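Scroll down for the structure; my scribbles are underneath it.
Atoms within each ligand, like the ligands themselves, are counted from 1 in listed order. Everything quoted here is computed from the prediction, not taken from an experiment.
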Amino acid sequence: MPPTPAVAVDDVDVAYPNTPAVLRDVGLVVPPGEHVAVIGRSGCGKSTLLHLIGGLLDPARGTVVVHGDSDGRARLSHCALMPQGDSLLPWFSVRDNVAVPLRNAGVRRRAARARTAEALAWCGLQHHGLQRPDQLSGGMRQRAALARALLADKPVLLADEPLGALDAITRAEIQDWLHGMLTAPEPQATTMVMVTHDVDEALLLSHRVVLLADGRVRRTWPGWFDRRAGRAREDVLADPGFAADRSALLRELAGGDR
Ligand SMILES: Nc1ncnc2c1ncn2[C@@H]1O[C@H](COP(=O)(O)OP(=O)(O)OP(=O)(O)O)[C@@H](O)[C@H]1O
């Protein structure tokens with residue numbers, strides 16, 4: 001029997017007040033541990049889909065279930081949200097930023113400190129915990145934000161353009177780092193739904209790429225997350241199969257193959 005899905009979106013329409021439906025007839029089932037990348041043109045409804053899964057929005061039609069719960073608050077309780085931008089609090093130290101989900105969950109200061117120190121170490125920021133976010137580079141801030149999201153210890157990570165603000169080289173480095181984090185068995189073996197505009201990122205970091213167009217799921221592709229394991233990034237990017245998937249995705253994004 002297939003495992004109970006982590007996320008099940010079934011035949012959903014979503015509309016904002018006084019707007020036509022932004023998502024239409026959308027279905028998406030994500031088994032536990034799967035990483036899904038959602039890609040599509042600006043305005044096609046990607047963030048709306050994340051907000052819907054995370055309980056910030058409810059469907060006008062259809063059902064959304066996250067780890068067995070359909071109520072919005074309960075859905076939210078299963079999800080760590082990483083909104084666009086790093087969203088670190090500028091007046092907190094990096095350490096206190098990363099500790100926010102633990103403190104919100106009522107974890108005592110001493111225990112939170114210990115777990116935060118571990119998290120800072122696995123994202124390579126062990127010497128930066130006392131600095132403020134504006135003293136870090138963009139890549140370091142993004143790693144801190146990811147550490148904070150992963151430390152929330154939620155089974156589902158919803159990441160909206162998590163690397164969108166980074167330059168190409170830093171982005172590639174952080175993609176590699178994130179791939180390593182998501183491959184590690186502990187502590188963050190997690191289900192992930194990630195929005196990105198970057199086709200390589202979508203393929204490299206996901207088991208499955210979902211293309212949204214005009215509020216509908218137009219197509220899905222197998223991602224390269226597992227096929228990438230143990231291989232250098234350049235090696236994967238030069239793989240003819242990867243190049244073919246990238247071209248096909250780009251063609252669909254540009255509106256071809258309708
Ligand atoms: N709060 C809102 N009220 C009304 N309309 C909204 C609201 N949020 C988003 N929309 C509209 O819904 C549509 C989908 O927006 P959404 O942010 O989900 O798209 P997106 O694919 O994530 O875009 P981008 O890639 O530019 O971030 C857009 O037309 C947008 O203007």
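- Residues L89, F92, V100 make up the rest of the hydrophobic cluster containing W91, defined by ILVMFWY side-chain heavy atoms closer than 4.5 Å, directly or through other members.
- For the side-chain hydrogen bond (donor to acceptor under 3.5 Å, both in side chains) condition, the pairs that include at least one residue of residues 15-37, sequence neighbours left out, are Y16-T48, D25-R61, D25-R216, E34-R208.
- Ring pair H179/F225 is tilted by interplanar angle, where 30° to 60° counts as tilted.
- The pair D176-R228 counts as a salt bridge, with a side-chain nitrogen and a carboxylate oxygen less than 4.0 angstrom apart.
- For ligand 1, the protein residues within 4.0 angstrom (heavy atoms only) are Y16, V22, R41, S42, G43, C44, G45, K46, S47, T48, Q84, H197.
- Under the salt bridge (charged side-chain N to carboxylate O under 4.0 Å, His left out) criterion, the residue pairs touching residues 70-85 are D58-R75, with sequence neighbours excluded.
- Taking a cutoff of 4.0 Å between a charged side-chain nitrogen and a carboxylate oxygen, D239 and R231 qualify as a salt bridge.
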